Amino acid sequence: MPLLSFTAHLGRHVTCPPETVPGATLREVLDAYFARHPQVRGYVLDEQQALRRHVVVFIGDEQARDRTTLTDPVSAQAEVYVMQALSGG
């Protein structure tokens with residue numbers, strides 16, 4: 001099963017321990033995690049269930065491309081990493 005992890009910065013706002021969860025797409029992996037940790041959903045997804053503007057997800061070393069329906073494939077051995085993107089100047 002894929003391993004889903006979050007940055008320490010996000011962990012300061014909500015408890016989000018790394019866990020292995022089932023799923024073959026990013027949507028399935030996130031939904032499985034949110035079923036166990038529902039309080040994390042609002043920090044990662046917006047009201048339309050798409051990735052929030054300042055959230056970036058990597059599947060292995062590749063950035064997830066489908067920010068809306070989250071259909072990026074996830075292998076059983078994948079490491080999925082959720083982070084807040086930094087912006088500003």
Side-chain angles (χ1 to χ4, degrees):
M1 284 192 287
L3 174 64
L4 182 61
S5 301
F6 298 83
T7 59
H9 178 72
L10 187 57
R12 288 190 291 231
H13 301 285
V14 62
T15 302
C16 49
E19 286 190 15
T20 56
V21 291
T25 66
L26 182 55
R27 169 71 66 197
E28 291 173 358
V29 168
L30 290 175
D31 283 347
Y33 188 88
F34 298 149
R36 298 177 190 171
H37 304 280
Q39 71 280 8
V40 180
R41 180 183 296 271
Y43 285 89
V44 176
L45 302 180
D46 64 17
E47 294 77 18
Q48 287 76 39
Q49 302 307 305
L51 289 178
R52 288 196 173 277
R53 182 173 175 209
H54 293 291
V55 170
V56 177
V57 176
F58 281 85
I59 302 167
D61 60 356
E62 296 288 325
Q63 185 173 339
R65 296 186 186 277
D66 180 3
R67 298 184 54 82
T68 305
T69 57
L70 310 173
T71 59
D72 294 88
V74 178
S75 73
Q77 298 78 26
E79 292 184 24
V80 179
Y81 199 64
V82 179
M83 64 184 75
Q84 289 180 310
L86 299 177
S87 63

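Owing to the predicted nature of the structure, the values given are computational and were not obtained by experimental measurement. Each residue takes its place number in the sequence, starting with 1.
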Are [X] and [Y] side-chain neighbours, meaning at least one heavy-atom pair lies under 4.5 Å?
X: Leu45; Y: Phe34; result: yes
X: Val44; Y: Leu51; result: yes
X: Tyr33; Y: Pro18; result: no
X: Glu19; Y: Leu4; result: no
X: Thr15; Y: His37; result: no
X: His54; Y: Met83; result: no

Quiz item: Can you tell me if Gln84 and Arg52 form a side-chain donor-acceptor pair at under 3.5 Å?
Solution: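 There is no such pair (donor and acceptor under 3.5 Å, judged by atom type) between the side chains of Gln84 and Arg52.
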Determine, using the 4.5 Å side-chain heavy-atom cutoff (strictly less than), whether [X] and [Y] are members of one ILVMFWY cluster.
X: Phe6; Y: Tyr81; answer: no
X: Val21; Y: Phe58; answer: no
X: Val74; Y: Leu3; answer: no
X: Val80; Y: Val14; answer: yes

Nearest-0.5 Å distance, [atom1] of residue [X] to [atom2] of residue [Y]:
X: Asp31; Y: Thr25; atom1: CG; atom2: OG1; result: 8.0 Å
X: Arg27; Y: Thr69; atom1: CZ; atom2: OG1; result: 7.0 Å
X: Asp46; Y: Gln48; atom1: CG; atom2: CD; result: 5.0 Å

Quiz item: If you draw a 6.0 Å radius around CD in Glu79, do more than 12 non-hydrogen atoms from other residues or ligands fall strictly inside?
Solution: no
Quiz item: Around atom CZ of Arg36, are there more than 12 heavy atoms of other residues, nucleotides or ligands at under 6.0 Å?
Solution: yes
Quiz prompt | Smallest separation among heavy atoms of Ala32 and Pro22, with atom names | solution = CB-O, 3.6 Å
Quiz item: What's the shortest heavy-atom distance between Leu70 and Leu30, and which atoms?
Solution: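 Closest approach of Leu70 to Leu30: CD1-CD1, 3.9 Å.
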Quiz item: Any sub-3.5 Å donor-acceptor pair from Asp66's side-chain atoms to Thr71's backbone N or O?
Solution: yes
Quiz item: Does any N or O in the side chain of Arg67 come within less than 3.5 Å of the main-chain N or O of Val57, such that one atom is a donor and the other an acceptor?
Solution: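 Checking the backbone N and O of Val57 against the side chain of Arg67, no donor-acceptor pair under 3.5 Å is found.
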